[in-house]
Amino acid sequence: MIIYYGTPAIETERLLLGKFTLTDTQAAFDHWLSDDRVSDNRVSAAHQSVSETRERMNRILSDYESEEFCYWAIKLKESGELIGEIDIYDIEEATGNCEVSYSLGYRWWNKGYGTEALKAVVEFGFRHMNLHKISAAHNTDNPASGRIMSKAGMVQEGTIRDMIRNSKRQYKDCAVYGILQEDYLNKNGEAGRFLIKVCFTAR
Ligand SMILES: CC(C)(COP(=O)(O)OP(=O)(O)OC[C@H]1O[C@@H](n2cnc3c(N)ncnc32)[C@H](O)[C@@H]1OP(=O)(O)O)[C@@H](O)C(=O)NCCC(=O)NCCS
């Protein structure tokens with residue numbers, strides 16, 4: 001059975017994962033949502049104006065009412081800067097399976113933050129939420145995303161041709177990855193617990 005905690009605060013070595021607030025709107029727009037270099041790897045188009053980001057943020061804030069909603073802002077512990085987002089979605093009661101997605105502002109790419117955030121969410125999802133399987137897919141022309149999936153222990157299960165059509169109406173082949181709870185816990189044992197600190201009172 002899945003155990004829901006909503007979106008609790010999670011601390012890693014260098015990052016704080018937590019709920020967004022309305023005051024994050026401008027930084028989310030500036031740091032990744034308005035940037036084609038980020039949105040080209042996602043399904044939705046870059047935001048043209050901060051009002052689009054505000055609308056999106058308002059939807060996220062109201063979704064926090066549900067304890068099944070897992071959508072984290074990623075901030076640097078040292079500076080408090082908002083650098084990206086990561087979420088668990090499409091959680092299926094019947095199977096305990098779900099998807100994960102993430103984005104970071106371009107300025108913070110290739111510093112290991114994506115891997116650190118993904119590992120934290122995988123640990124939280126398996127150890128605390130009791131999820132059965134976490135999956136993700138990346139465009140085959142976005143190998144950095146596949147690399148962080150691998151570093152988080154996910155395994156490529158195949159490639160789906162023309163799996164998505166992006167905002168520029170280009171079809172993209174996607175590599176699909178997954179990791180099972182059983183494999184994760186067998187491999188990481190108790191050591192995984194030390195990857196993150198979770199504040200369960202954050203709701
Ligand atoms: C995908 C993303 C979150 C990765 O975050 P990140 O913080 O840069 O990731 P990390 O620094 O932890 O790791 C990146 C890895 O990809 C590798 N990499 C980067 N560019 C690469 C490329 N063109 N080809 C192959 N590997 C690449 C890096 O070398 C690194 O691997 P290494 O540690 O073995 O050297 C970030 O690039 C991003 O936000 N992209 C845009 C949005 C997006 O793609 N979201 C996911 C949709 S599926």
Side-chain angles (χ1 to χ4, degrees), residues 10-18 20 24 27-48 52-53 56-57 60 70-91 97-125 133-179 188 192 195-196:
I10 300 177
E11 191 180 329
T12 68
E13 192 189 341
R14 296 177 298 167
L15 304 174
L16 290 174
L17 274 52
F20 279 99
D24 292 322
F29 176 79
D30 293 340
H31 293 173
W32 73 93
L33 286 171
S34 63
D35 189 341
D36 277 330
R37 292 169 298 191
V38 176
S39 65
D40 280 353
N41 297 302
R42 301 166 45 119
V43 178
S44 32
H47 289 184
Q48 298 302 309
E52 269 180 80
T53 307
R56 183 176 187 271
M57 201 60 87
I60 292 171
C70 310
Y71 205 114
W72 290 272
I74 305 173
K75 291 186 177 168
L76 294 182
K77 228 151 102 170
E78 204 171 281
S79 62
E81 249 173 329
L82 175 69
I83 66 165
E85 63 185 8
I86 183 161
D87 66 312
I88 296 176
Y89 65 102
D90 281 356
I91 302 172
N97 295 350
C98 68
E99 303 278 328
V100 64
S101 82
Y102 39 76
S103 288
L104 290 186
Y106 183 75
R107 225 191 300 167
W108 295 280
W109 287 10
N110 293 318
K111 298 180 193 305
Y113 295 132
T115 305
E116 197 167 317
L118 182 57
K119 280 183 173 174
V121 164
V122 167
E123 162 69 18
F124 175 72
K133 181 176 184 182
I134 299 175
S135 299
H138 71 85
N139 300 352
T140 50
D141 58 10
N142 180 22
S145 182
R147 183 73 194 117
I148 79 166
M149 292 175 200
S150 296
K151 287 196 287 178
M154 301 175 84
V155 176
Q156 187 173 346
E157 296 177 339
T159 303
I160 314 253
R161 289 180 301 157
D162 287 356
M163 182 174 169
I164 60 155
R165 198 170 192 185
N166 67 15
S167 59
K168 294 176 178 160
R169 301 191 60 75
Q170 300 158 322
Y171 282 104
K172 295 280 178 176
D173 295 346
C174 291
V176 291
Y177 282 66
I179 180 169
N188 293 277
L195 280 179
I196 61 170

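Note that the coordinates shown come from a computational prediction; the quantities given were computed from them, not determined experimentally. One is the number of the first residue; the rest follow in order along the sequence. Just so you know, ligand 1 is whichever comes first in the structure, and atom 1 is the first atom listed for that ligand.
With atom 23 (N) of ligand 1 as the reference point, the heavy atom nearest to it among G112, P143, A117, A152 is part of P143. When the heavy atoms of A137, A136, S101 are ranked by distance to atom 48 (S) of ligand 1, first place goes to A137. Counting only non-hydrogen atoms, the option in G114, S39, G146, S150 that gets closest to atom 7 (O) of ligand 1 is G114. The nearest non-hydrogen atom to atom 5 (O) of ligand 1, considering only V43, L104, I83, N142, comes from L104. Closest to atom 41 (C) of ligand 1 by heavy atom, among W109, Y177, Y113, is W109.
Using a 4.5 Å cut-off on side-chain heavy atoms (C-beta onward), R56 and E52 make no contact. In this structure, the side chains of L82 and W32 come closer than 4.5 Å at one or more pairs of heavy atoms. Using a 4.5 Å cut-off on side-chain heavy atoms (C-beta onward), D40 and K168 make contact.
D173 places a side-chain N or O within 3.5 Å of a backbone atom of D162 that can act as its donor or acceptor partner. Side-chain atoms of D35 come within 3.5 Å of backbone N or O of R37 as a donor-acceptor pair. Between the side chain of E116 and the backbone N or O of T12, no donor-acceptor pair lies under 3.5 Å.
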Y102 and V121: CA distance, side-chain angles, deciding distance, side chain to side chain contact (heavy atoms under 4.5 Å, CB included) verdict: CA-CA 10 Å; Y102 39 76; V121 164; over 6 Å; no
Might you work through the side chain to side chain contact (heavy atoms under 4.5 Å, CB included) test for L17 and F124, ending with a clear yes or no? CA-CA 11 Å; L17 274 52; F124 175 72; over 6 Å; no
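When only interatomic distances are considered, the shortest N/O to N/O separation between Y102 and ligand 1 falls below 3.5 Å. Between R42 and ligand 1, no pair of N/O atoms sits closer than 3.5 Å. Residue H138 places no N or O, backbone or side chain, under 3.5 Å from any N or O of ligand 1. Residue contacts with ligand 1: S145 is placed with no nitrogen or oxygen under 3.5 Å of a nitrogen or oxygen of the ligand (distance criterion only).
Within a 4.0 Å radius of atom 2 (C) of ligand 1, the protein contributes no non-hydrogen atoms. The presence of a protein heavy atom under 4.0 Å from atom 35 (O) of ligand 1 is ruled out.
Below 30°, between 30° and 60°, or above 60°: for H138 and Y177 the angle between ring planes is between 30° and 60°, a tilted geometry.
For ligand 1, the atoms closer than 4.0 angstrom to any heavy atom of N41 are 41 (C), 43 (C), 44 (O), 47 (C). Close approach to K111 involves these atoms of ligand 1, each under 4.0 Å from a residue heavy atom: 11 (O).
Remark: S44 engages R42 in a side-chain contact (heavy atoms from CB on, under 4.5 Å) (not counting sequence neighbours). For N41, the side-chain hydrogen bond (donor to acceptor under 3.5 Å, both in side chains) test picks out no residue, with sequence neighbours left out.
Atom 20 (N) of ligand 1 has its closest protein heavy atom at A144 CB, 3.7 Å. Closest protein heavy atom to atom 31 (O) of ligand 1: R147 CG, 3.2 Å. The nearest heavy-atom contact from the protein to atom 42 (C) of ligand 1 is S103 OG, 3.6 Å. Nearest protein heavy-atom neighbour of atom 12 (O) of ligand 1: T115 OG1, 2.5 Å. Scanning all protein heavy atoms for the shortest distance to atom 19 (C) of ligand 1 gives N110 OD1, 3.2 Å.
Looking at I148 against ligand 1, only its side chain comes within 4.0 Å, counting heavy atoms. Proximity of K151 to ligand 1, defined as any heavy-atom pair under 4.0 Å, is confined to the side chain (atoms from C-beta onward).
Within 6.0 Å of OH in Y89 there are more than 12 heavy atoms belonging to other residues, nucleotides or ligands.
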